Amino acid sequence: MPRKKYKKLPRSFYNRPTLDVAEDILGKYIVYHSPLGKLSARIVEVEAYIGQEDSACHAARGKTKRNAVMFGKPGVVYIYFVYGMYHCLNFVTEEEGKPAAVLLRAAEPSEGMEIMRQLSPGKKDMELLSGPGKFCRSFGLTREQNGLDLTGSVIYLEERSFKVKNIKRTSRIGINTAKKNPWRFYDSDSKVVSK
DNA sequence: TGAATGATGCGCT
DNA sequence: GCGCATCATTCAT
């Protein structure tokens, strides 16, 4: 039994301006009770995607089957498939009907590292979650987990005692349009953020 | 050690 | 068809 009870972040955490949520997510822990066992990691790098004012957001051109969960209630997981072989994990933000999300780009492994190594063979511990594609592979996340509720018991964010000291803000990675929006946030003391 | 490119599937024009 | 919120490998300095 856990000797310390950590606080699971409620839906109100996600039901706020996306840039605020993105910054506050740094240092939080993502916990996923996968079929293989419990996994957790400390989040160190994220990006914001805001449908209504962001041409780079999947939801910028209206609702489709793929991005539908971004239009739904906050505190839900949005997972999509890119480049033929990778998945990316997002947390839906803002009130229902307003499409926006925060992309998880990198994290530092905490619990369940044996499982992550098994899912991503040959990786050093600090490389297991150092990128959005690698994160989903090491956590075993695919489109099957799309739409899961972060206020449930399968996958959620936890507030622990860790405090982020230095937060940096830059433009996003891998974006061609809307490059000006400096909507990438990361913990500059972590060694696993993208270069 | 940095830049170019191939892998590979799917959603949209 | 084309381009993509990526990564690993190859090739050039």
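As the structure is a prediction and not an experimental result, all values here were calculated from the model. Chain letters run A, B, ... following the sequence lines, proteins first and then strands; every chain starts at 1.
- Base pairing of C:dG1: its partner is B:dC12, meeting the Watson-Crick or G-U wobble criterion (both donor-acceptor distances under 3.5 Å).
- Under the ring pair (Phe, Tyr, Trp, His ring centres under 6.0 Å) criterion, A:Tyr78 pairs with A:Tyr80, sequence neighbours left out.
- Atom OH in A:Tyr83 sits roughly 12 Å away from atom P in C:dG3 (whole-Å rounding).
- Crowding of A:Lys179 atom NZ: a count of heavy atoms from other residues, nucleotides or ligands under 6.0 Å exceeding 12.
- Among the nucleotides C:dA5, B:dC10, C:dA8, the one closest to any side-chain atom of A:Lys134 is C:dA8.
- Regarding A:Glu45, its CD atom lies at a distance of 16 Å from the P atom of C:dA5, rounded to whole Å.
- Between A:Asn90 and the phosphate of C:dA5, there is no side-chain N or O to OP1/OP2 separation shorter than 4.0 Å.
- For the pair A:Arg172 and A:Tyr49, the cation-pi test (distance below 6.0 Å, angle within 45°) is passed.
- Every residue meeting the ring pair (Phe, Tyr, Trp, His ring centres under 6.0 Å) condition with A:Phe135, not counting sequence neighbours, appears here in chain and number order: A:Phe139.
- Side-chain polar atoms of A:Ser190 and A:Glu45 form no donor-acceptor pair below 3.5 angstrom.
- Remark: A:Arg169 is not positioned above the aromatic ring of A:Phe185, lacking an NZ or CZ atom under 6.0 angstrom from the ring centre and at most 45 degrees off the axis.
- Comparing atom distances between the A:Tyr86 side chain and each of C:dC7, B:dC10, C:dA5 picks out C:dC7 as nearest.
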Check nucleotides 11-13 of chain B for protein N or O atoms closer than 3.5 Å to its own N or O atoms and list the pairs.
unit_1: B:dC12; atom_1: OP1; unit_2: A:Thr64; atom_2: OG1; d: 2.7

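- When the nearest nucleotides of DNA chain C are assigned to A:Gly131 and A:Thr177 by heavy-atom distance, the more 5′-ward of the two goes with A:Thr177.
- When the P atom of B:dG9 is taken as reference, atom NE2 of A:His87 falls 12 Å away, rounded to whole Å.
- Counting any heavy atom pair closer than 4.0 Å across all strands shown, A:Arg137 reaches sugar-phosphate atoms only and no base atom.
- Ranking C:dT6, B:dA7, C:dA8 by closeness to the A:Pro132 side chain, first place goes to C:dT6.
- Residue A:Met70 places its side chain closer to C:dA5 than to any other of C:dA8, B:dT8, C:dA5.
- Note: OH (A:Tyr80) to P (C:dG3) measures 18 Å, nearest angstrom.
- A sub-4.0 Å separation between OP1 or OP2 of C:dT6 and a side-chain N or O of A:Arg105 is present.
- Here A:Lys123 lies in heavy-atom contact (under 4.0 Å) with sugar-phosphate atoms only.
- The number of heavy-atom neighbours closer than 6.0 Å to NZ of A:Lys38, taken from other residues, nucleotides and ligands shown, is above 12.
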